[in-house]
A.B. asks: 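Could you have a look at this structure, given as structure tokens, before my questions?
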Amino acid sequence: MRKLFIAVLFLGVLSGCTNQFINLSGESKSWSGKYTATIDGNDEHGSYEFHFKGGNESTQFNALDINIGDGKTTQSEKNVKGATITLSSNCRGCSVTGKGEKQKVTIKWDDENEETFFLQEK
């Protein structure tokens, strides 16, 4: 019975070790960004954080469009306050971010500015 308990405990520990963690980052002239996520099989749970360089809490955008992965994740908002924008990204049974994979990010703001950069492992 004791051997069975140890075997079950060992398998439980092994199954809990399948999670992968990824950290991607990148920047353009006006923006810095990062993506952190936990991947377990075909499930991915993460968040993006984009920061407008030189901005602060009183920074305001009339319009802000963020496009990640050529439309895989998008966010469009009007009258955004603050220089830091956070987006959640969760999927189950999806095609997860692969090791060494880059994510293309295009940010448009105030209908006259646009920059593109890549988030990647450093």
Side-chain angles (χ1 to χ4, degrees):
M1 188 65 156
R2 183 175 178 187
K3 289 181 183 179
L4 178 62
F5 175 76
I6 292 172
V8 170
L9 181 63
F10 181 73
L11 288 174
V13 170
L14 283 180
S15 67
C17 295
T18 61
N19 288 352
Q20 295 178 350
F21 301 97
I22 59 170
N23 292 301
L24 308 177
S25 61
E27 61 183 272
S28 64
K29 179 181 173 188
S30 302
W31 292 90
S32 63
K34 66 180 178 177
Y35 177 63
T36 56
T38 302
I39 297 173
D40 185 7
N42 289 333
D43 297 345
E44 184 169 342
H45 306 285
S47 68
Y48 293 93
E49 183 177 290
F50 299 104
H51 181 74
F52 185 69
K53 296 177 181 178
N56 57 37
E57 298 84 31
S58 64
T59 300
Q60 185 165 341
F61 302 101
N62 295 323
L64 183 65
D65 295 310
I66 301 172
N67 183 322
I68 304 165
D70 290 322
K72 183 178 175 183
T73 303
T74 60
Q75 179 77 22
S76 295
E77 291 187 41
K78 303 282 185 201
N79 301 316
V80 177
K81 294 181 182 175
T84 301
I85 296 89
T86 304
L87 306 173
S88 293
S89 176
N90 296 298
C91 66
R92 291 185 168 273
C94 59
S95 175
V96 298
T97 303
K99 187 137 181 90
E101 188 175 320
K102 294 180 183 180
Q103 292 188 2
K104 181 179 176 183
V105 176
T106 300
I107 301 178
K108 297 178 186 178
W109 68 103
D110 294 339
D111 297 324
E112 58 190 52
N113 301 293
E114 179 178 329
E115 291 181 2
T116 299
F117 59 99
F118 290 88
L119 301 178
Q120 57 192 354
E121 290 181 297
K122 300 285 178 169

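One is the number of the first residue; the rest follow in order along the sequence.
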A.B. asks: If you measure from SG on Cys91 to NE2 on His45, what distance do you get to the nearest 0.5 Å?
C.D. replies: 7.5 Å
A.B. asks: Which pair of heavy atoms, one from Gly93 and one from Asp43, lies closest together, and at what distance?
C.D. replies: N-OD1, 3.1 Å
A.B. asks: Please check if the side chain of Glu121 supplies one atom and the backbone of Gly100 the other of a donor-acceptor pair under 3.5 Å.
C.D. replies: yes
A.B. asks: Roughly how far, to the nearest 0.5 Å, is OG1 of Thr86 from NE2 of His51?
C.D. replies: 11.0 Å
A.B. asks: Any side-chain heavy atom of Ile68 within less than 4.5 Å of one from Tyr35?
C.D. replies: no
A.B. asks: Enter the distance from Ile39:CD1 to Phe21:CZ here, rounded to the nearest 0.5 Å.
C.D. replies: 10.0 Å
A.B. asks: Let me see the working for Asn23 and Lys34 under side chain to side chain contact (heavy atoms under 4.5 Å, CB included), right down to the final yes or no.
C.D. replies: CA-CA 7 Å; Asn23 292 301; Lys34 66 180 178 177; over 6 Å; no
A.B. asks: Would you give the length of the straight line joining atom CH2 of Trp109 to atom CG of Asp65, rounded to the nearest 0.5 angstrom?
C.D. replies: 11.5 Å
A.B. asks: Identify the two heavy atoms, one from Gly55 and one from Ala83, that lie closest to each other, and give their separation to 0.1 Å.
C.D. replies: C-CB, 3.5 Å
A.B. asks: Please find the pair of heavy atoms, one from Leu119 and one from Gly26, that lie closest to each other, and give the distance.
C.D. replies: CD2-N, 3.5 Å
A.B. asks: Report yes if the side chains of Ile85 and Ile107 come closer than 4.5 Å at any heavy-atom pair, otherwise no.
C.D. replies: no
A.B. asks: Rounded to the nearest 0.5 Å, how far apart are OG1 of Thr73 and CD of Gln103?
C.D. replies: 7.5 Å
A.B. asks: Between Lys29 and Glu115, what is the shortest heavy-atom contact and its length?
C.D. replies: N-OE1, 3.5 Å
A.B. asks: Taking side chain to side chain donor-acceptor pair (under 3.5 Å) as the criterion, tell me which of Lys102, Glu44, Gln20 meets it with Thr97.
C.D. replies: Glu44
A.B. asks: Would a distance-only check, ignoring hydrogens and angles, find a side-chain to backbone donor-acceptor pair under 3.5 Å from Thr74 to Gly71?
C.D. replies: no
A.B. asks: Does some side-chain heavy atom of Asp111 sit less than 4.5 Å from a side-chain heavy atom of Asn62?
C.D. replies: no
A.B. asks: Looking at CG of Asn67 and NZ of Lys72, how far apart are the two atoms once the value is rounded to the nearest 0.5 Å?
C.D. replies: 12.0 Å
A.B. asks: Okay, side chain of Gln75, backbone of Leu87: is any donor-acceptor separation there less than 3.5 Å?
C.D. replies: no
A.B. asks: Donor-acceptor pair, distance only, cut-off 3.5 Å: does the side chain of Lys53 make one with the backbone of Ser28?
C.D. replies: yes
A.B. asks: Is there a side-chain contact between Phe50 and Val105, using heavy atoms and a 4.5 Å cut-off?
C.D. replies: yes
A.B. asks: Could you walk me through whether Tyr48 and Ile66 pass the side chain to side chain contact (heavy atoms under 4.5 Å, CB included) check?
C.D. replies: CA-CA 11 Å; Tyr48 293 93; Ile66 301 172; over 6 Å; no
A.B. asks: Is it the case that over 12 heavy atoms from other parts of the model lie below 6.0 angstrom from the NZ atom of Lys99?
C.D. replies: no
